[in-house]
Amino acid sequence: IHRKETMTTLHAFGASIILGDQDDFLHVKDPNVKPTHKMNFGQRVEYLKNNVSFVSIIAKTLNYELVNLSERGSGNYNQMDTLMRYIVDNPLTSDDIILYGLCSTTRDRVKFPDYIKNKDTEICDLFYVISFLNQLTAQYATRVIKFNIFENLYFQYSEKKLLCNT
């Protein structure tokens, strides 16, 4: 990935909503739906990331360079790994902005029947991801904008439940 030195860069991380592929490949699942394009899968993903996704619209509107590293079906931990690998090879500047779409924590762990019932663990997972992003902000002096792209776990539980099994 080649970055321009003079522009503010918007870095996007998250799942398919950040990628911009909502309902884009319905024809793959239903043979009665005709495709709206003739691109192969990889071409279409890049096109969606850079021309259709809401982060591409934000970048174009603000005249920012866009680095969209979102992935379909990705979880928070996968995206944290992607973000860290990216930062190692592409140092951030104080002008950079990271948009991080928090997804459901159910994508981050293998679920077992008893574990599924334990929502406290999901809250701890969510706070771990937020803590990681906050530390990233402090360490690299860059802005990280966190937003929820699925259910809002924080508001689903009472304050007593936020103690993470303590």
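Along the sequence shown, residues carry numbers from 1.
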message = Could you check whether any side-chain N or O of Glu46 sits under 3.5 Å from a backbone N or O of Gln43, counting only pairs where one atom can act as donor and the other as acceptor?
response = no

remark   = Of all heavy-atom pairs linking Gly75 and Cys103, the shortest is CA-SG, 3.6 Å

query = Are Ile98 and Val88 connected, step by step, through hydrophobic side chains (Ile, Leu, Val, Met, Phe, Trp, Tyr) whose heavy atoms are closer than 4.5 Å?
reply = no

N/O donor-acceptor pair under 3.5 Å between Ser74 side chain and Ala15 backbone = no

message = For Phe13, run the side chain to side chain contact (heavy atoms under 4.5 Å, CB included) check against Ile18, Asn68, Leu83 and tell me which one passes.
response = Leu83

query = If you take all heavy atoms of Thr93 and Asp96, which pair is closest and at what distance?
reply = N-OD2, 2.9 Å

message = Could you walk me through whether Ile58 and Leu10 satisfy the side chain to side chain contact (heavy atoms under 4.5 Å, CB included) test, starting with their C-alpha distance in whole Å, then the side-chain angles of each, then the deciding distance to 0.1 Å, before giving a yes or no?
response = CA-CA 9 Å; Ile58 291 171; Leu10 185 64; 3.9 Å; yes

note = Those residues at least two apart in sequence (or on a different chain) that pass side chain to side chain donor-acceptor pair (under 3.5 Å) with Asn134 are Lys146

message = Under a 3.5 Å distance rule, please check whether Ser16 uses its side chain to pair with a backbone N or O of Leu19 as donor and acceptor.
response = no

message = Once rounded to the nearest 0.5 Å, what's the spacing between atom CZ of Phe54 and atom CD1 of Ile17?
response = 8.0 Å

message = So does Ile57 get a backbone contact from the side chain of Thr61, meaning a donor-acceptor N/O pair under 3.5 Å?
response = yes

request  = Is it possible for you to say whether Val52 and Phe41 belong to one hydrophobic cluster, with membership spreading through side-chain heavy-atom contacts below 4.5 Å?
outcome  = yes

key: Atom pair CE/OH of Met39 and Tyr47 - distance to nearest 0.5 Å   = 5.5 Å

request  = Quick one: pull up OG1 in Thr9 and OH in Tyr64 and give me the separation to the nearest 0.5 Å.
outcome  = 10.0 Å

query = What's the spacing between Asn90 CG and Arg85 CZ if we round to 0.5 Å?
reply = 12.5 Å

ask   = What pairs with Asn51 under side chain to side chain donor-acceptor pair (under 3.5 Å), at least two apart in sequence or on another chain?
value = Lys60

request  = Would you name the heavy atoms of Leu69 and Gln79 that are closest together and state the gap between them?
outcome  = O-OE1, 3.5 Å

Thr137 vs Thr142, side chain to side chain contact (heavy atoms under 4.5 Å, CB included): CA-CA, chis, key distance, verdict = CA-CA 5 Å; Thr137 300; Thr142 192; 5.7 Å; no

key: Sub-4.5 Å side-chain heavy-atom contact between Leu66 and Ser56   = yes

ask   = Does the side chain to side chain contact (heavy atoms under 4.5 Å, CB included) test come out yes or no for Leu102 and Ile130, once each step is laid out?
value = CA-CA 9 Å; Leu102 294 161; Ile130 291 171; 4.2 Å; yes

query = Would you call Tyr100 and Ile145 a side-chain contact if the rule is heavy atoms closer than 4.5 Å?
reply = no

ask   = Say you draw a straight line from OG of Ser70 to NZ of Lys49; how long is it, rounded to the nearest 0.5 Å?
value = 5.0 Å

task = Apply the test side chain to side chain contact (heavy atoms under 4.5 Å, CB included) to residues Asn76 and Phe132: give CA-CA distance (whole Å), side-chain angles for both, the deciding distance (0.1 Å), then the verdict.
result = CA-CA 11 Å; Asn76 295 307; Phe132 165 82; over 6 Å; no

Side chain to side chain, Val45 and Leu48, heavy atoms closer than 4.5 Å = no

key: Spacing of CE belonging to Met80 relative to CG belonging to Leu133, to within rounding of 0.5 Å   = 7.5 Å

inquiry  = Donor-acceptor check, side chain of Arg143 to backbone of Leu99, threshold 3.5 angstrom: yes or no?
reply    = no

ask   = Just checking, any donor-acceptor pair under 3.5 angstrom between side chains of Glu71 and Thr82?
value = yes

